[in-house]
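All of these numbers come straight from a predicted model, not from anything done at the bench. Per chain, numbering begins at 1; letters A, B, ... match sequence-line order.
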Protein chains: 2
Amino acid sequence: MSQDDDLATLTRAVGHPARVAILRFLSKQKTPCCGDVTTCIDLAQSTVSQHLKVLVEAGLIERKGQGTKNCYSICREPFQRLIAGIEDILAEDAAATQKIKASTKS
Amino acid sequence: MSQDDDLATLTRAVGHPARVAILRFLSKQKTPCCGDVTTCIDLAQSTVSQHLKVLVEAGLIERKGQGTKNCYSICREPFQRLIAGIEDILAEDAAATQKIKASTKS
DNA sequence: ACCCTTTATCGTATTTTTACGATAAAGGGT
DNA sequence: ACCCTTTATCGTAAAAATACGATAAAGGGT
């Protein structure tokens with residue numbers, strides 16, 4: 001997977017109000033189960049489960065099956081990768097500016 | 001617009017490989033026009049224009065109509081907002097950890 | 001004035017996303 | 001063993017995203 005695809009996958013997974021809310025909730029409440037999330041999100045249980053699946057498949061969260069109660073928790077690494085990807089885009093801007101400055105100076 | 005909605009809008013706008021590629025290109029090449037982007041992206045001109053529109057509407061890039069040649073450039077502020085939003089989610093995690101540590105200690 | 005380039009928009013088809021209810025699987029408690 | 005809770009998955013309907021060609025608008029050059 002290219003870097004662009006990776007960043008697109010990560011941002012797309014975050015890119016829904018319900019999923020942002022879920023991520024924030026997971027961050028506050030450590031490893032809550034699906035039901036905990038559902039009561040806080042005002043969406044059907046199946047819909048919440050689907051959003052959780054999207055986040056798991058993107059690698060942003062992790063499922064820990066504890067019997068009948070599955071718990072979820074945030075994975076920090078992909079978020080760092082996301083931030084790094086955004087910063088990388090902005091950095092290329094800075095690099096380009098640098099180049100222009102250098103060539104103007106000479 | 002809530003903070004969650006804002007972050008969702010920003011990440012959703014980034015969340016497509018073509019748009020990531022466009023953003024990266026805009027960052028390297030300062031204020032290129034639509035045609036410049038089109039030749040680099042291998043998509044129809046109308047499709048590229050549509051992607052540019054998505055990015056403009058999210059506020060991530062800016063259009064500067066220079067007559068028949070419209071030029072685009074990156075807006076840095078919303079990217080910072082995006083990063084801040086992600087960091088905010090992770091920070092709540094840290095804050096929660098802090099709380100747990102504090103309560104365990106007392 | 002004329003043509004040519006550039007690019008946004010329109011119309012449209014296809015695919016994907018989103019949401020829900022219903023159902024099934026999987027344990028936990030008694 | 002039985003029921004009850006929990007939750008993923010299936011089926012499905014509606015909405016949104018994605019891509020393209022065709023077209024129109026808007027200047028630039030001669």
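- Contact of the B:Leu26 side chain with the B:Ser73 side chain is not registered, since no non-hydrogen atoms from C-beta on lie closer than 4.5 Å.
- In this structure, B:Leu43 places its CG atom 14 Å from C1' of D:dA17, rounding to the nearest Å.
- Heavy atoms only, all atoms of each residue included: B:Val14 and B:Leu82 are closest at CG2-CD1, 4.0 Å.
- Residue B:Ser46 places its side chain closer to C:dT9 than to any other of C:dT18, C:dT9, C:dC20.
- B:Leu7 places a side-chain heavy atom less than 4.5 Å from the side chain of B:Ile89.
- Judged by distance alone, with hydrogens and angles left aside, the side-chain atoms of B:Thr9 form a donor-acceptor pair with the main-chain N or O of B:Asp5 at under 3.5 Å.
- With pairs defined as Watson-Crick or G-U wobble and both atom distances under 3.5 Å, the stems of at least three pairs that touch DNA chain D come out as C:1-30 with D:1-30.
- Applying a 4.0 Å cut-off to non-hydrogen atoms, the residues of residues 47-65 of chain A that approach DNA chain C are A:Thr47, A:Gln50, A:His51, listed by residue number.
- Taking atom CG of residue B:Asn70 and atom P of nucleotide C:dA8, one finds them 5 Å apart after rounding to whole Å.
- Sequence neighbours left out, the pairs with a member in residues 15-57 of chain A that pass ring-ring contact (aromatic ring centres under 6.0 Å, His included) are A:His16-A:His51.
- Checked against side chain to side chain donor-acceptor pair (under 3.5 Å), B:Arg24 has the following partners two or more places apart in sequence or in another chain: A:Asp4, A:Asp88, A:Glu92.
- Each side chain to side chain donor-acceptor pair (under 3.5 Å) pair with one or both residues in residues 78-87 of chain B, not counting sequence neighbours, appears once here: B:Asp6-B:Arg81, B:Glu77-B:Arg81.
- Rounding to whole angstrom units, CZ of residue A:Arg12 and C1' of D:dA17 are separated by 8 Å.
- In this structure, CG of B:Asp42 is placed 8 Å from P of D:dC20, rounded to the nearest angstrom.
- D:dA8 atom C1' lies 7 Å from atom OH of A:Tyr72, rounded to whole Å.
- The listed nucleotides are C:dT18, C:dA8, C:dT6; the one nearest the side chain of B:Lys69 is C:dT6.
- Here the side chain of A:Thr68 is nearest to one of C:dA26, D:dT7, D:dA17, namely C:dA26.
- Proximity of A:Tyr72 to A:Leu55: side-chain heavy atoms (C-beta onward) are nowhere separated by under 4.5 Å.
- One interatomic measurement links the two molecules: CD1 of A:Ile41 to P of D:dT7, which rounds to 14 Å at whole-angstrom precision.
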Would you tabulate the side-chain donor-acceptor contacts of residues 35-43 of chain A under 3.5 Å, counting partners in other chains and residues two or more places apart, or write 'none'?
residue	atom	partner	partner atom	Å
A:Asp36	OD2	A:Cys33	N	3.2
A:Thr38	OG1	A:Cys34	O	2.9
A:Thr39	OG1	A:Gly35	O	3.4
A:Thr39	OG1	A:Asp36	O	2.8

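- Distances shown here put every side-chain N or O of B:His16 at or beyond 4.0 Å from the OP1 or OP2 atom of D:dA16.
- Among D:dA19, C:dA8, D:dA8, the nucleotide with an atom closest to any side-chain atom of A:Gln45 is D:dA8.
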